[in-house]
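Let me begin by presenting the structure, written as structure tokens, before commenting on it.
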Amino acid sequence: KKKQASLMAFFGKK
Amino acid sequence: MLEGKFEESSLMKKVVDAIKDSVKLCNFNCTEHGVTVQAVDDSRVLLISLLIGEASFEEYRCDRNITLGIDLESFNKIIKNGNSSDFLTLIAEDSPDNVLIIFEDKKKDRVSEYSLKLMDLDSDFLQIDDMEFDATITMPSSEFAKITRDLKTLSESLQIIVTKENVKFSSDGDFGTGNVVLKGFVDMDKPDESIKIDMARPINLTFGAKYIADIVKGTSLSESVTIKLADKSPALFEYKLPSGFLRFYLAPKFDE
């Protein structure tokens with residue numbers, strides 16, 4: 001079973 | 001003041017169609033260079049980055065940066081009222097409460113004018129640094145849309161595997177499995193029909209099929225789509241506009 005990653009784990013808030 | 005006139009309303013119609021199912025509310029940021037949108041879907045899995053360059057407009061003027069907070073569902077209701085071949089003009093004051101949307105028929109003397117109320121939207125702007133990708137695929141956008149629709153019927157996940165020779169789209173569901181393998185080739189007569197695979201490192205990534213099904217709503221914007229992939233990183237799907245682009249960044253799925 002695979003889990004969906006969030007974009008927030010990769011991109012920082014500006 | 002913003003005043004942007006499109007030769008045809010069809011471009012804006014296609015853009016709104018391509019993003020309205022992924023995000024509901026977004027800021028259209030207007031500068032002297034054109035219009036940009038960055039928005040993330042509610043689940044924070046899919047990011048949209050749009051640039052409608054100044055050259056996409058027949059006439060364009062924006063003296064000061066203007067932000068238009070738009071409810072895309074409402075905007076879509078208005079934008080659908082224009083014929084695709086109509087001139088479309090967007091007009092807004094410097095600190096606008098609404099944006100004027102004007103359609104002009106080219107043959108008749110018919111002018112339709114609508115006003116859309118704007119919203120004050122908070123938006124987290126994400127910093128996307130220049131990403132390094134291990135594989136890049138360019139292929140006909142309609143073919144990518146068909147593969148996505150076909151494989152989505154089997155599973156909620158879509159796997160993309162890139163090797164030196166080919167790219168494989170694959171789905172593994174409860175009642176069966178399916179895959180489509182494409183090899184790179186050059187169509188000299190119709191370059192847009194070509195499939196180009198550049199691979200520095202093999203790739204094996206899994207994505208939520210429903211998100212890719214939303215991404216392919218950009219198909220009408222461009223004959224081809226470019227997919228950029230890197231191990232354990234968000235993928236980039238890009239539809240080029242006459243001047244600008246619609247990009248989707250999609251976070252992958254991982255083994256638990």
Practice prompt. Apply side chain to side chain contact (heavy atoms under 4.5 Å, CB included) to the pair B/Leu126 and A/Met8, showing each step before the final yes or no.
Written response: CA-CA 8 Å; B/Leu126 297 185; A/Met8 303 324 232; 3.8 Å; yes
Could you tell me whether [X] atom [atom1] has more than 12 heavy atoms of other residues or ligands within 6.0 Å of it?
X	atom1	result
A/Lys2	NZ	yes
B/Asp63	CG	yes
B/Lys253	NZ	yes
B/Lys217	NZ	yes

Worksheet item: Does any heavy atom of chain A fall under 4.5 Å from the side chain of B/Ser157, the backbone, both, or neither of them?
Response: neither
Worksheet item: Side chain, backbone, both or neither: which part of B/Gln159 has an atom under 4.5 Å from a heavy atom of chain A?
Response: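 Contact with chain A is absent: no heavy atom of B/Gln159 under 4.5 Å.
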Practice prompt. Please name the pair of heavy atoms, one in B/Ala251 and one in A/Ala5, separated by the smallest distance, quoted to 0.1 Å.
Written response: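 Between these two residues, the closest heavy atoms are CB-O, 3.3 Å.
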Practice prompt. Could you walk me through whether A/Gln4 and B/Tyr211 pass side chain to side chain contact (heavy atoms under 4.5 Å, CB included), step by step?
Written response: CA-CA 11 Å; A/Gln4 177 64 59; B/Tyr211 296 105; 3.9 Å; yes
Practice prompt. Measure the acute angle between the ring planes of B/Tyr249 and A/Phe11, then classify it against the limits of 30° and 60° as parallel, tilted or perpendicular.
Written response: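 The rings of B/Tyr249 and A/Phe11 stand perpendicular, inter-plane angle above 60°.
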Fill in: B/Pro234 side chain near A/Leu7 side chain, heavy-atom distance below 4.5 Å
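Answer yes - side chains close enough.
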Worksheet item: Highest number of heavy-atom pairs under 4.5 Å with chain A: which of B/Gly208, B/Pro252, B/Ser43?
Response: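 Heavy-atom pairs under 4.5 Å are most numerous for B/Pro252.
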